[in-house]
Amino acid sequence: MVPMPQATPPPPALHPAVATWFERKFPEGPTEAQARGWPLLQRGGDVLIAAPTGSGKTLAGFLMAIDDAYRAHQDGEEIRGRTRVVYVSPLKALAVDVHQNLERPLAEIAQVAAELGLQAPAISVAVRTGDTPPAARTAMIRDPPTFLVTTPESLYLYLTAERSRAGLAQVRTVIVDEIHALARDKRGSHLALSLERLEHLQARGHAQRVGLSATQKPIEVTANLLGGTEGGVTVVDCGHRRDLRVSIELPGSELGAVLSQEQLAEVVEHIAAHVKGHQTTLVFVNTRRLAERLAHLLGELLGPDQVAAHHGSLSAERRRRTEARLRAGDLRALVATASLELGIDIGPVELVC
């Protein structure tokens with residue numbers, strides 16, 4: 001493991017389309033994980049980024065890979081039909097979610113490129129898990145995606161079959177997300193073997209390894225897992241805890257055994273005032289009935305299109321649509337029960353009630 005200095009390196013020079021997209025999307029600039037990780041990633045070394053949830057780690061890993069593809073296309077390199085990036089997630093749900101979130105930035109960056117009069121590369125994304133239909137698996141072998149999103153077990157199977165293995169011979173970057181979840185058991189050993197097999201396939205030399213995680217201790221063990229037989233992983237440690245402000249707020253009147261209508265109205269107005277002061281708010285409740293009721297009451301104050309409910313009685317399709325709206329920033333507030341899985345990327349959330 002190579003220790004990472006605390007000083008923030010200068011930001012790397014990005015392809016004009018990528019740089020313009022990022023400046024428009026994130027006018028406040030890069031997060032610490034991105035600012036410290038990008039110069040190292042652009043130099044091509046193996047990097048482990050440890051940062052709290054919501055600190056932009058996934059984009060820290062992906063944006064340099066997207067930038068690399070745009071630069072290669074600009075230099076005349078063929079992009080289509082070659083897998084350049086393998087993204088490995090220990091969770092199937094997370095892999096599918098990243099697939100959805102990767103395609104949107106790619107489309108937006110391509111649009112920016114067109115505005116600038118530049119030609120965007122034909123970047124494709126495909127998900128390979130145990131749930132992937134046979135027809136989709138065959139299509140990936142026939143026309144390898146630029147970004148392959150998969151799980152450790154599916155990567156192993158991909159490396160086992162001769163035809164699919166051949167499509168991984170020109171990988172430039174391997175991103176391992178939530179790597180701490182793999183470092184603690186046999187799944188990590190299994191992945192370490194797959195990473196070495198993937199390295200052995202490379203016709204162009206070493207495939208850069210990027211590890212991402214919010215919780216890693218001891219971090220040296222995780223770095224050794226990522227580095228494998230070669231080692232030499234540079235660690236960007238931004239800590240594992242975010243700055244949080246926690247407060248307990250009560251109605252002005254004395255609480256009783258049963259919440260009165262007046263107190264409920266006071267609570268709803270209080271929550272609505274908080275929602276108005278933030279871009280996105282999650283409101284957790286105990287029951288499905290309360291989720292629907294509170295969403296309705298908040299909708300009367302904030303507007304029906306600004307608030308939605310999320311609970312287990314809703315269809316899976318309706319829950320997915322609601323999650324997509326939350327992720328896209330179309331909702332001011334989401335009232336949810338435990339049915340809202342926080343293991344997926346739900347976008348920026350400023351406040352939780």
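In this text the structure is predicted, and so the values were computed from the model without any measurement.
- Ser194 and Leu155 make their closest contact through CB-CD2, 4.2 Å (heavy atoms, listed as atom of the first residue, atom of the second, distance).
- A 4.5 Å side-chain heavy-atom check between Val285 and Arg293 finds every atom pair outside the cut-off.
- Taking both residues in full, the closest heavy atoms of Ala308 and Leu334 are given as O-CD1, 3.3 Å, listed atom of the first, atom of the second, then distance.
- In this structure, Glu254 places its CD atom where only 12 or fewer heavy-atom neighbours from other residues, nucleotides or ligands lie under 6.0 Å away.
- Remark: side-chain polar atoms of Asp75 are not paired, donor with acceptor, to backbone N or O of Glu77 under 3.5 angstrom.
- Considering every non-hydrogen atom in both Val210 and Gly61, the closest pair reads CG1-CA, 4.5 Å.
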>> Between Val176 and Arg209, does the side-chain contact (heavy atoms from CB on, under 4.5 Å) criterion hold? Intermediate values first, please.
In response: CA-CA 8 Å; Val176 183; Arg209 299 182 186 183; over 6 Å; no
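- Contact record, Leu41 with Ala60: CD1-O, 3.2 Å, taken as the closest heavy-atom pair.
- Remark: side-chain polar atoms of Thr337 are not paired, donor with acceptor, to backbone N or O of Thr287 under 3.5 angstrom.
- For the atom pair CG of Leu201 and CZ of Arg197, the computed distance is 8.0 Å after rounding to the nearest 0.5 Å.
- Two residues are said to be in side-chain contact when any heavy atoms from C-beta on lie closer than 4.5 Å; Thr281 and His274 fail this criterion.
- The distance from the CG atom of Leu298 to the CZ atom of Arg332 is 11.5 Å, given to the nearest 0.5 Å.
- When every heavy atom of His206 is checked against every heavy atom of Asp46, the shortest pair comes out as NE2-OD1, 2.8 Å.
- Heavy atoms of other residues, nucleotides or ligands lying less than 6.0 angstrom from CG of Asn286 number 12 at most.
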> Stepwise, does the side-chain contact (heavy atoms from CB on, under 4.5 Å) test hold for Val275 with Leu351?
Replying inline: CA-CA 8 Å; Val275 172; Leu351 178 68; 5.7 Å; no
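- Put simply, the side chain of Arg187 gets close to the backbone of Pro90: a donor and an acceptor are under 3.5 Å apart.
- Leu102 CG to Ile66 CD1: the interatomic distance, rounded to the nearest 0.5 Å, is 5.5 Å.
- The shortest side-chain heavy-atom distance between Thr146 and Ser124 falls under the 4.5 Å cut-off.
- Linking ILVMFWY side-chain heavy atoms closer than 4.5 Å, directly or via other members, places Leu326 and Val352 in a single hydrophobic cluster.
- Arg71 has its side chain within reach of Asp67: a pair of non-hydrogen atoms, C-beta onward, lies under 4.5 Å apart.
- Gln263 contributes no side-chain N or O that, together with a main-chain N or O of Pro251, makes up a donor-acceptor pair within less than 3.5 Å.
- The backbone N or O of Leu314 lies less than 3.5 Å from a partner atom in the side chain of Arg319, making a donor-acceptor pair.
- Between Arg289 and His311 the shortest side-chain heavy-atom distance does not fall below 4.5 Å.
- The heavy-atom pair separating Ala207 from Glu199 by the smallest distance is N-OE1, 3.3 Å.
- For Glu196, the CD atom is densely surrounded, since the number of other residues' heavy atoms within 6.0 Å is greater than 12.
- Counting only N and O atoms by type, the side chains of Glu300 and His296 include a donor and acceptor under 3.5 Å apart.
- Using cut-offs of 30° and 60° for the angle between ring planes, the Phe147 and Phe62 rings count as tilted.
- To the nearest 0.5 Å, atom NE2 of residue His15 and atom OG1 of residue Thr20 are 9.5 Å apart.
- In this structure the side chain of Phe26 never reaches within 4.5 angstrom of the side chain of Gln34, judged on heavy atoms.
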> Does the pair Met140 and Leu148 meet the rule for a side-chain contact (heavy atoms from CB on, under 4.5 Å), with working shown?
Replying inline: CA-CA 9 Å; Met140 291 181 208; Leu148 174 64; 4.2 Å; yes
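- At a threshold of 4.5 Å between side-chain heavy atoms, the hydrophobic network of Ile, Leu, Val, Met, Phe, Trp and Tyr places Tyr87 and Leu157 in two separate groups.
- When each of Ile179, Leu191, Val149 is tested with Val88 by the rule side chain to side chain contact (heavy atoms under 4.5 Å, CB included), just one qualifies, namely Leu191.
- Cluster annotation: Val221 and Leu225 are assigned to distinct hydrophobic clusters (Ile/Leu/Val/Met/Phe/Trp/Tyr, side-chain heavy-atom contacts under 4.5 Å, transitive).
- In terms of modelled atom types and a separation under 3.5 Å, the side chain of Gln202 and the main chain of Leu168 share a donor-acceptor contact.
- In this structure the side chain of Arg325 never reaches within 4.5 angstrom of the side chain of Thr322, judged on heavy atoms.
- Counting heavy atoms from C-beta on, the side chains of Gln208 and Thr173 come closer than 4.5 Å.
- Val125 and Ile141 fall into different hydrophobic clusters, defined by Ile, Leu, Val, Met, Phe, Trp and Tyr side-chain heavy atoms under 4.5 Å apart, directly or through other members.
- A side-chain donor-acceptor contact under 3.5 Å links Arg137 to the backbone of Thr132.
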> What do the steps show when you test Arg165 against Glu162 for salt bridge (charged side-chain N to carboxylate O under 4.0 Å, His left out), and what is the final call?
Replying inline: CA-CA 5 Å; Arg165 183 171 64 245; Glu162 183 176 355; 5.2 Å; no
>> Between Tyr70 and Ile109, is the side-chain contact (heavy atoms from CB on, under 4.5 Å) condition met? List the steps.
In response: CA-CA 10 Å; Tyr70 266 76; Ile109 294 172; 3.4 Å; yes
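- Linking ILVMFWY side-chain heavy atoms closer than 4.5 Å, directly or via other members, places Leu14 and Leu116 in a single hydrophobic cluster.
- Using a distance-only test at 3.5 Å, with no hydrogens or angles considered, a donor-acceptor pair links the side chain of Asn224 to the main chain of Glu220.
- The CD atom of Glu266 sits 5.0 Å away from the OG atom of Ser253 when rounded to the nearest 0.5 Å.
- Rounding to the nearest 0.5 angstrom, the gap separating the CG atom in Leu264 from the CG atom in Leu290 is 8.0 Å.
- Side-chain rings of Trp38 and Phe22 approach one another, their centers coming within less than 6.0 Å.
- Judged by distance alone, with hydrogens and angles left aside, the side-chain atoms of Glu350 form a donor-acceptor pair with the main-chain N or O of Gln279 at under 3.5 Å.
- A tilted orientation is assigned to the rings of Tyr156 and His190, their planes being inclined by 30° to 60°.
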